[in-house]
Structures are given as structure tokens and as C-alpha cells.
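What follows is a set of notes on a single structure, which appears directly below.
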Amino acid sequence: ATILNIMPQIVWSAGPDGYHDFYNDRWYDFTGVPRGSTDGDLWKGLFHPDDQPSAWERWQHSLATGDPYEVEYRLRGQDGSYRWSLGRALPLRDACGGIVRWYGSVTDIHDRKVAEEQCDIVAAELAHRIRNIFAVVSSLLMLAARSQPEASSFADEARLRIDSLARANDYIHPDRPGRDGAAEAVSMQGLLHALLKPYNHSLAGVPRIRISGPDLRINATAATSLALVVHELATNAIKHGSLSVDEGRLAISTLLDDEVATIEWTERGGPAIREAPTRRGFGTTLSERALKLPLAGVVEREWDPGGLTARIRIPKNRLTR
């Protein structure tokens, strides 16, 4: 009892049915409630009303399954203010595996949560400013093309690449408050869907582009580099490949092993390919360099008569770190 009461952390315990019957002194010091007044399930009344349903649902799940309990919630202090807290609990089992008690703790994480919210605000503002920069640069290119018709082809190509980067930026930095790390994670397939959405027109109710395979969370640097490569492949598919005709289809599959992530790009149903191109355009060189330098990635191409097959290979540790 002495050890538990001098700890700077809240500690509690409950029976196998979830009935709370012990709190150390830190619980009463922080909440200011009379001793014994939160026994049973009355503890949840001290949680913020918005957090009570999720905390209660997770606690009931742990009681039913024996899984560890972990949840973030706002706990009301004796001054009436709420502080973000991390609640955890583990079961104590007997020799037969039956649960005889639950032991839990409450850790103050308020300062961390406030810092995360401030970072989200700054990130949203930065994303907004970057979006404006993309728009300004695109407008400048359009103005330049109007005054110098001979540069219109280059301006159009550059503007499309900028638009692709803008879509990647929007995907990486969505303007949504209260981001949930699991739900908001930037993933390889999520990026592919975001980048290729403008090109995925349905014909007779069947999408022209199909994306399949396992997914992988990726970092912002990887997303930017992939955006350039995918944009280049999509542009060429629209100009010369499978997306240049109504019958064409594009299948993209992701493959993962212990060390390498592969994106396989397969075009079918487009114009027949007589021979592999002998000239490498500026866009291809730019995109592959953007993939190689920061990610140590490569693009392999196979020019079959039925269509292009390209494989983007990137070390997994470069994508996720």
C-alpha cells in the first residue's frame, strides 16, 4: 500500500467481473472524489462525455476476451478541468489461465496531446500554403504558355507534374482535425488511388484501373517520389498505352517481401507495341532520378506486344522509416 500510494501515477484494480474496488491515493488527489465513491463502474462518470462510450466499449471487450486494456481519454480533475490520460490494464491469471484480478494504471499524457494538436495545426497551415504555391506555379506556367506559344507543350507537361505533386500533398496532409493515426496513415495503395483517380473512368460500369495486393504505410518522401513516377507512367499510358483507347485496361498490384516493396504496373488492351522505345524522355529521366536518389528505387520495363509491364522496386526500409 505504501509503494502504491507514493507513486506519481494513478493505480487501480478490479475483480474478474470488472468491479473496481481499489484506487491509490493519486486517484483521489487528482479527482477530488470521496473514497469509495467511484467503486464498481462509477469511475466512467469522471471521463469526458465524448470519451465515455469508447472507453466503456474497450473495457467490456477486455473483460470478455482477456485482452489488454488500453485507451486514451480525458479525465476530470477536482478543479473541473479535463486532462488527457492513457489508461492501461492487464489481467492476473491463476494456474489454469482464469482471470482472478485486473490491475490498471492511468498516465497523464496531456502535454503530449496538446503538442500533437499544435503540430496538426501547423501541418495543416503548411499544407495549405504548399497547395497555394502549387496553384501559383501552375498559373505562371499557363500565363507563360499563352505569351509564348512555342513553350506551351513544355508548360503543359510541367503543369501536369505539378498537379500530380499537389494531389500527393493533399493525400499526405489532409486538412482534417483530430487525426487518427491508424485511419489517417499514408499508405502505398492509398496514394495510388489518389493519384490515378482522375484517369479511372468507368466503361459500362467497369473501372479501367484495378489496384490490388497488400498495403504498406509510407513516409512523405516516398509519397513525393512515387507521385512523379506514377504520373509519368499514367501520362504515357494516356498518350500511347492502354489508357489511350476505350478497350484498354491497367492493372496495378503491390508485392511485399522482407526487404523490397514492388509495384507492378501492367497495361493491356492498348495499341500493339512493335518495339521498345529507343529514346528516354525528360519526364522518364526526371521521375526515375527522383525515385533513385532518396529511395534507392528502380523502375524496370518490359515492352511486350500486348502492352507495357513496369515494376517499381523500392527497399521497404526506405519507404517506412
All pairs passing salt bridge (charged side-chain N to carboxylate O under 4.0 Å, His left out) where residues 54-64 contributes a residue, at least two apart: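 Found none.
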Mind checking whether [X] and [Y] sit in one hydrophobic cluster, side chains of I, L, V, M, F, W, Y counted as touching below 4.5 Å?
X      : Y      : answer
Val186 : Leu226 : yes
Leu90  : Tyr69  : no
Trp265 : Trp303 : yes
Val71  : Trp27  : yes
Tyr82  : Leu75  : no

Nearest heavy atoms of [X] and [Y], plus distance in Å:
X      : Y      : value
Pro34  : Tyr28  : O-CE2, 3.7 Å
Leu86  : Glu70  : CD1-CG, 3.8 Å
Glu267 : Ala237 : OE2-CB, 3.5 Å
Gly269 : Val245 : O-CG2, 3.4 Å
Asp50  : Pro53  : O-CD, 3.8 Å
Asp215 : Gly190 : OD2-N, 4.2 Å

Atom [atom1] of [X] and atom [atom2] of [Y]: how far apart are they, to the nearest 0.5 Å?
X      : Y      : atom1 : atom2 : answer
Thr254 : Ile312 : OG1   : CD1   : 11.5 Å
Leu216 : Ser187 : CG    : OG    : 8.5 Å
Ile109 : Ser85  : CD1   : OG    : 7.0 Å
Leu250 : Ile238 : CG    : CD1   : 10.0 Å
Arg76  : Asp51  : CZ    : CG    : 12.5 Å
Arg208 : Glu247 : CZ    : CD    : 8.5 Å

Chi angles and distances behind the side chain to side chain contact (heavy atoms under 4.5 Å, CB included) call for Arg268, Thr309: CA-CA 9 Å; Arg268 292 295 182 266; Thr309 298; 3.4 Å; yes
Side-chain ion pair, Arg101 and Asp21, N-O less than 4.0 Å: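 Counted as a salt bridge, because a side-chain N and a carboxylate O are separated by less than 4.0 Å.
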Salt bridge Glu116-Arg112, side-chain N to carboxylate O under 4.0 Å: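 Yes, charged N to carboxylate O under 4.0 Å.
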When you measure from the side chain of [X] to the backbone of [Y], do you find a donor-acceptor pair of N or O atoms at a distance under 3.5 Å?
X      : Y      : answer
Ser13  : Tyr103 : no
Glu72  : Trp84  : no
Arg26  : Val11  : no
Ser242 : Arg249 : yes
Asp25  : Asn5   : no
Asn24  : Pro8   : no
Asp304 : Gly306 : no
Ser244 : Gly241 : yes
Gln78  : Asp29  : yes
Asn317 : Glu259 : no

Does a donor on one side chain and an acceptor on the other come within less than 3.5 Å for [X] and [Y]?
X      : Y      : result
Arg311 : Thr262 : no
Gln9   : Thr107 : yes
Trp102 : Ser62  : no

[atom1] ([X]) with more than 12 external heavy atoms under 6.0 Å:
X      : atom1 : value
Arg93  : CZ    : yes
Ile3   : CD1   : no
Arg210 : CZ    : no

Full working for side chain to side chain contact (heavy atoms under 4.5 Å, CB included) between Leu46 and Val33: CA-CA 10 Å; Leu46 295 176; Val33 299; 4.0 Å; yes
Evaluate the side-chain proximity of [Y] to [X]: yes if any heavy-atom separation is below 4.5 Å, no if none is.
X      : Y      : result
Leu308 : Asn236 : no
Trp43  : Trp12  : no
Met188 : Leu256 : yes
Val106 : Tyr73  : yes
Gln189 : Ile263 : no

is_close_aromatic(His20, Trp59), centroid dist under 6.0 Å: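 Centroid distance His20-Trp59: below 6.0 Å, so yes.
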From CA spacing to verdict: side chain to side chain contact (heavy atoms under 4.5 Å, CB included), Leu4, Met7: CA-CA 5 Å; Leu4 290 177; Met7 289 180 63; 4.1 Å; yes
Qualifying residues under salt bridge (Lys or Arg N to Asp or Glu O under 4.0 Å), relative to Lys44, sequence neighbours excluded: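 In terms of salt bridge (Lys or Arg N to Asp or Glu O under 4.0 Å), with neighbours along the sequence ignored, Lys44 is linked to Asp41.
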